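Start at 1 and go down the list; that is how both ligands and their atoms are numbered. Owing to the predicted nature of the structure, the values given are computational and were not obtained by experimental measurement. Only heavy atoms go into these numbers, but all of them, side chains included; no hydrogens, no water, no symmetry mates.
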Amino acid sequence: MTDLEFLIALAQSYAPEMDAERIERAYAVAVTAHAGQTRSSGEPYVTHSLATAKILADLYMDGDTIVAGLLHDVPEDTAVTVEELRAQFGDDVANLVDGVTKLSKLESYGKEQVEAESLRKMFLAMAEDIRVVLIKLADRLHNMRTLGALSHARQIKIARETLEIFAPLANRLGIYNIRRELEDLALKYLEPAKFDEIEALLSDDRDDRHSYIGQAITQLRERLAQDDITAEITGRPKHIYAIYKKMLAKRRDFEHIYDIRAIRCLVNDKNQCYQVFGIVHSLWTPIPGEFDDYIAKPKENAYQSLHTAVIGPGGKALEVQIRTREMHQIAEYGVAAHWRYKEPGGKRDPKLEEKINWLRQLQEWRAEVSSASEYVDALKTDVFHDQVYVFTPKGKIIELAAGATPIDFAYHIHTEVGNRCRGAKVNGKLVALETALKTGDRVEILTAKKGGPSRDWLNPTLSLVHTARAREKIRQYFKKQEREVARGEGRALLEKELRRFGLTQKNLDEIAKLFNYKNVDELAEAIGYADISLQQIGVKLLDLEQPKSALAEPMPLLETKARAKTSSDMRLEVGGVGGLLTRVAQCCKPLPGDEIIGYISRGRGIMIHRRDCKNVIDHEGSDGRWVTLSWHGMKQEQVYPVTIEVRAFDRSGLLYDLSGVVAGENVNMTAVSSKSRRDNTALVNATLEIGNANQLTRILNKIERLPNVLEARRVSN
Ligand code: MN
C-alpha cells in the first residue's frame with residue numbers, strides 16, 4: 001500500500017463517502033507543482049504535503065481539509081496559483097489553501113518582531129475558517145517531526161515558536177493529541193538533557209509501569225462489572241512536557257509525579273462518571289488535594305473530565321481520568337471534533353457544536369491576553385472582526401481596527417506617510433483609498449513628494465478614514481497648516497509693507513522684537529491673523545528710522561518753497577506751499593509770528609489756529625487733517641523729499657488722480673515721471689515733500705486704493 005492509498009483508506013475509514021479520486025487528483029497536482037523540490041532531509045517535498053494530509057485524516061477531518069492539506073504549500077512555493085486550485089477543487093479548498101498561505105506569511109514575519117501572544121491572536125483573527133488553523137497545526141506537527149534535518153539554530157527557533165504559539169493554539173482549540181506531541185517535540189530540542197532524563201526514567205520502569213497499569217485496569221474493570229458499568233479503560237499516553245512542567249512547578253522529583261502512572265476510563269454518561277469516581281475512591285485511597293472536577297467546571301477549551309489521584313495497587317500513586325466518550329472526543333480532538341461529527345448530509349450535531357463552542361473559547365482566550373478594557377471592547381464588538389492584521393512591504397505586522405483603510409494604515413506608519421498618501425497597493429494591486437483592509441493584506445502606500453491630506457478625508461460620508469488616530473492627525477495637519485497659511489500670508493504682507501517703505505534691509509527678527517514677538521514667524525502669524533495691523537508696523541518703523549536716516553537732515557527746500565521765500569508779504573505757507581485758501585480761526589485769532597497749525601476743513605479751506613489754542617490741544621492728532629503751517633519767513637517745519645513709485649495699469653487720468661491724492665494731503669509734489677511698460681502697466685515716479693511718516697503712509701494707502709493701481713511704494717534712496 002502506498003502512502004497515498006493509506007491516506008485514502010484512513011479517510012474512508014471514518015468517512016466512507018470520501019471522494020478518493022479527488023484526493024488522488026490533489027496529490028497529483030502537488031507532485032507536479034513541487035516537482036524537483038526537496039525537504040532539508042533530502043526527501044521529495046511532496047512527502048510533507050502527504051504527511052500533513054495524513055495528520056488531518058488522523059483528526060478525522062473532512063475531504064476539503066485533506067485536499068487542502070495536500071495542496072497547502074502549492075501557491076506559496078510553486079507557480080500554481082490559488083485561482084488555478086479554485087478552478088480545479090472549488091472555493092472551499094482554494095480558500096483554505098489561501099488562508100494557510102497567509103498564515104505562513106504571518107509566521108515568518110512573526111518570528112522577528114511580534115510577541116507570541118499577538119501572533120496567536122492573529123492566527124485566530126485571520127482564520128475565518130478554523131480548518132485553516134488545523135491545517136497549519138498539521139503542517140507544523142510534521143515540520144516538528146522532521147526537525148532533525150535542520151541546523152541547530154533553526155531547530156531552536158522553530159521549537160521555541162512551536163512552544164510559544166502552536167502548542168498553546170492546539171491547547172486552546174482543545175486538540176490534545178497535537179498539543180502533546182508538539183510540546184514533547186519542542187522540549188526535545190529546547191531542553192534535550194531534561195527530555196532525555198524524563199524519557200529514560202519513563203522507559204526504565206516501562207515494563208514495571210505497564211504491568212502495574214495492567215493490574216490497575218483489571219482491578220477497576222472487575223469492580224465496575226459488579227455495578228454493571230461497562231467502561232473503556234486504557235493507560236494514558238505519556239506527556240513528557242507535562243511531566244517536565246510538573247517537576248518544575250511542584251518541585252517534585254520524577255517519583256512523585258502521579259500521572260506517570262495514569263489510566264483513563266470512558267463511560268456512557270455523566271452520571272456514570274461520578275459513579276465510577278465513587279468506585280475508584282472506594283477501591284483505592286484518594287490522595288488529598290489531587291481531585292479536579294472539570295465536568296462541573298469545564299476548562300476554557302471545553303475540556304471536561306474528572307481527575308483524581310489515588311494510592312493504587314502496591315501502594316503506588318495512580319492518576320485516574322474519568323469522562324464520557326463524547327467528552328473524550330472533545331478532549332482529544334477539540335475543535336476538530338466539530339468536523340468529525342459532521343453528518344454526511346452536511347449537518348453538524350448542534351449539541352456538540354454548542355459544547356465545543358470554540359467561539360466562546362477564543363473570546364475567553366482573548367480576555368486572557370488583553371487588558372480589561374480591551375476585553376470589554378471585545379465583548380461589545382465581534383470578537384473576530386474588531387481587529388485586522390496587515391503587513392508593511394517589509395513584512396512588519398500592523399494591527400488596526402477593523403474597517404481601517406490604506407489611509408489609516410499610512411498614518412499608523414508615520415504622520416508624514418499619511419499626509420502624503422496619494423494611493424495604495426494591496427497585495428500588489430492598486431486599490432481605492434476607501435478600501436477596507438483585511439487581515440493578511442500586504443499594504444504599500446504610494447506617496448507624493450510634497451503636499452498634505454485632503455479635507456475630503458475627514459468627510460464621514462466618504463469612509464476614507466476609519467480610525468480616530470488618523471482623523472486626529474489629519475485635523476492637526478489642517479490646524480497647523482492654517483497657522484502656516486496665516487504665517488505665510490502675514491509674512492508676504494510684512495515684506496510688501498517693508499518694500500513699500502524701502503525698508504527691505506531690515507532684520508526681520510529684530511522688527512518682530514520691536515513689537516514684542518519672539519521672531520518673525522510669530523509676527524507674521526499675528527499679521528496673518530490680523531492681530532496687529534501693517535499700519536502700526538509701518539509707522540513705527542519709519543519713525544524709528546527717521547533720525548538715523550539721511551533724511552533726518554532737513555533738505556534744502558525745493559523750488560516752490562524757494563519761490564515763496566522771495567515774496568515779501570507775510571503770507572501763509574503750508575508745507576512750503578503758498579497761496580492757499582485759508583481762514584483765521586475765530587477761537588484764537590492767530591497773528592503772524594504766532595506758532596500756528598492748520599486744520600483742513602471740509603469745503604472751507606484751511607483753518608488757522610494758534611499752536612497753543614485749546615481746540616488744537618484737544619483735537620490735534622485726532623485725525624489726519626491737521627497740517628503744519630508757517631508764516632512766510634519763519635522757521636519751517638522740516639519736510640523731506642520722498643520718492644514714491646506707483647505701478648498701475650495704464651489708463652488716462654491716472655496722473656491726475658494721483659496728484660489729486662497728493663494735493664488732498666497738502667503735500668507738495670516736486671517731480672513726476674511716468675513710463676509705460678510693455679505689459680500695459682505704467683510706472684510712475686513722484687517726489688513728494690513729506691512731513692512725517694503718517695503722512696507718507698496715508699498717501700501710499702490712498703494711492704493704492706485708486707482704480708487700477710497695483711502698488712504704491714517708497715523708493716529707497
Ligand atoms: Mn508546509
Side-chain angles (χ1 to χ4, degrees), residues 3-4 7 11 23 26-59 61 63-82 84-85 89 92-111 119-120 122-123 126-127 129-151 154-155 157-167 169-170 173 175 177-179 181-182 185-186 189 336 395 440:
D3 287 343
L4 178 63
L7 172 67
I23 294 175
Y27 179 71
V29 168
V31 168
T32 312
H34 292 295
Q37 297 176 356
T38 53
R39 301 272 291 165
S40 298
S41 61
E43 288 177 294
Y45 194 91
V46 78
T47 56
H48 167 68
S49 315
L50 196 57
T52 302
K54 188 186 160 286
I55 292 166
L56 292 166
D58 284 336
L59 290 172
M61 296 305 292
D64 282 340
T65 313
I66 289 171
V67 166
L70 283 168
L71 299 169
H72 78 272
D73 280 326
V74 164
E76 175 85 348
D77 297 342
T78 79
V80 181
T81 65
V82 170
E84 284 163 26
L85 297 182
F89 297 99
D92 268 19
V93 168
N95 292 342
L96 288 172
V97 171
D98 195 34
V100 174
T101 305
K102 282 174 182 160
L103 283 190
S104 304
K105 283 179 192 161
L106 267 190
E107 192 186 341
S108 52
Y109 300 138
K111 277 174 201 159
L119 200 56
R120 289 191 305 238
M122 248 182 288
F123 266 71
M126 190 161 172
D129 189 329
I130 206 77
R131 288 177 296 175
V132 168
V133 180
L134 297 178
I135 296 169
K136 194 64 214 163
L137 284 173
D139 168 61
R140 174 53 58 125
L141 181 55
H142 184 248
N143 285 338
M144 284 302 288
R145 284 176 182 170
T146 54
L147 198 58
L150 300 185
S151 70
R154 294 277 294 146
Q155 286 173 349
K157 202 170 184 181
I158 293 172
R160 183 162 295 135
E161 187 185 81
T162 298
L163 207 53
E164 286 176 353
I165 296 160
F166 293 93
L169 199 55
L173 298 180
I175 310 166
N177 272 326
I178 288 184
R179 173 200 164 187
E181 196 176 344
L182 286 175
L185 286 165
Y189 289 98

Can Arg140 and Met144 be said to form a side-chain contact (heavy atoms from CB on, under 4.5 Å), step by step? CA-CA 6 Å; Arg140 174 53 58 125; Met144 284 302 288; 3.9 Å; yes

If you consider just the N/O/S atoms, which atom of His72 is the closest one to the Mn ion (ligand 1)? NE2

For side-chain contact (heavy atoms from CB on, under 4.5 Å), just list the numbers for Tyr27 and Val46, CA-CA rounded to whole Å, side-chain angles, deciding distance to a tenth of an Å, and then say yes or no. CA-CA 8 Å; Tyr27 179 71; Val46 78; 4.0 Å; yes

Side-chain donor-acceptor contact under 3.5 Å, Arg39 with Thr146: yes

Calculate the angle formed at the Mn ion (ligand 1) by OD2 in Asp73 and OD1 in Asp139; 10° precision is enough. 170°

Suppose we only count N/O/S atoms under 2.8 Å; would Glu76 qualify as near the Mn ion (ligand 1)? no

Indicate the atoms forming the closest heavy-atom contact of Leu71 with Pro75, along with that distance. O-CD, 3.6 Å

His48 near the Mn ion (ligand 1): N/O/S under 2.8 Å: yes

